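Note that these values count all heavy atoms, side chains included, but never hydrogens, waters or copies made by symmetry. Nothing here was measured: the structure is a model prediction, and the numbers come from that model.
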Amino acid sequence: GAVVSQHPSWVICKSGTSVKIECRSLDFQATTMFWYRQFPKQSLMLMATSNEGSKATYEQGVEKDKFLINHASLTLSTLTVTSAHPEDSSFYICSASPGLGNYGYTFGSGTRLTVV
Amino acid sequence: QKEVEQDPGPLSVPEGAIVSLNCTYSNSAFQYFMWYRQYSRKGPELLMYTYSSGNKEDGRFTAQVDKSSKYISLFIRDSQPSDSATYLCAMNLGGSYIPTFGRGTSLIVHP
């Protein structure tokens, strides 16, 4: 089945530094990937839609300069949290679909970011 | 009103019980419906997806869609403690890539 790999699974960084999270589709090509943020006991909050070869589409209220998304190939999208602050601490999850969105979305295992 | 409503629970049941998880939605244009299971500190795992109205069965899981009522359900038979997780419903418009998620229902199956 479709597999999405996300790394790292957890990361601790100092305030003011940047952190990069990778999302790879291992056995299918994904022209579109999605990045979500999830707070404890809350549902998934869509941050942005990552499109291969073009700029990401950000949801309202998401700072594009803070959350840099690069989708350089059909199997890799990256999310970089720049100048991280403690309020950026959260669970970040990517997802992709091997079909036209109608076959269900496969999620990565998530990245727990803690900014100290 | 949110597009997708889902009771957050928690729903606590004894082992072996039949579990019913539900979502309602307001957008009648939704065509594809999905259920995900999410264990703590893990990404959601796709359990089932269905198209339009009807039932779909996979092992102990049955997904049901009633488009006339804008209501979807996931039934879990012979529930096990390992089924304890958060279950999220999701749906999309078919031609759109972006799914809309419910907030998830926390299920606890106790031995």
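Salt bridge status for B/Lys70 with B/Glu5: absent, with no side-chain N to carboxylate O gap under 4.0 Å.
Neither the backbone nor the side chain of B/Tyr51 comes within less than 4.5 Å of any heavy atom of chain A. For chain B, no part of A/Gln6 is nearby; none of its heavy atoms comes within less than 4.5 Å. Only the side chain of B/Gln38 has a heavy atom closer than 4.5 Å to any heavy atom of chain A.
Within 6.0 Å of NZ in B/Lys56 there are more than 12 heavy atoms belonging to other residues, nucleotides or ligands. Within 6.0 Å of NZ on A/Lys55 lie no more than 12 heavy atoms contributed by other residues, nucleotides or ligands.
Panel note: side chain A/Thr111, backbone A/Pro8; a donor-acceptor pair is recorded below 3.5 Å.
Considering only heavy-atom pairs separated by less than 4.5 Å from chain B, the leading option among A/Gly110, A/Ser109, A/Ser9 is A/Ser109.
By the rule that hydrophobic residues join a cluster once side-chain heavy atoms approach within less than 4.5 Å of another member, B/Phe75 and B/Met48 end up as members of separate clusters.
Between B/Leu88 atom CG and B/Trp35 atom CH2 the span is 8.5 Å, to the nearest 0.5 Å. Taking OG1 of A/Thr57 as the start and CE of A/Met47 as the end, the distance is 13.5 Å to the nearest 0.5 Å.
Residues in residues 35-86 of chain A take part in these ring pair (Phe, Tyr, Trp, His ring centres under 6.0 Å) pairs, two or more places apart or across chains: A/Tyr36-A/Phe107, A/Tyr36-B/Phe101.
Interface residues of residues 102-111 of chain B toward chain A, defined by a heavy-atom distance below 4.5 Å and sorted by number: B/Gly102, B/Arg103.
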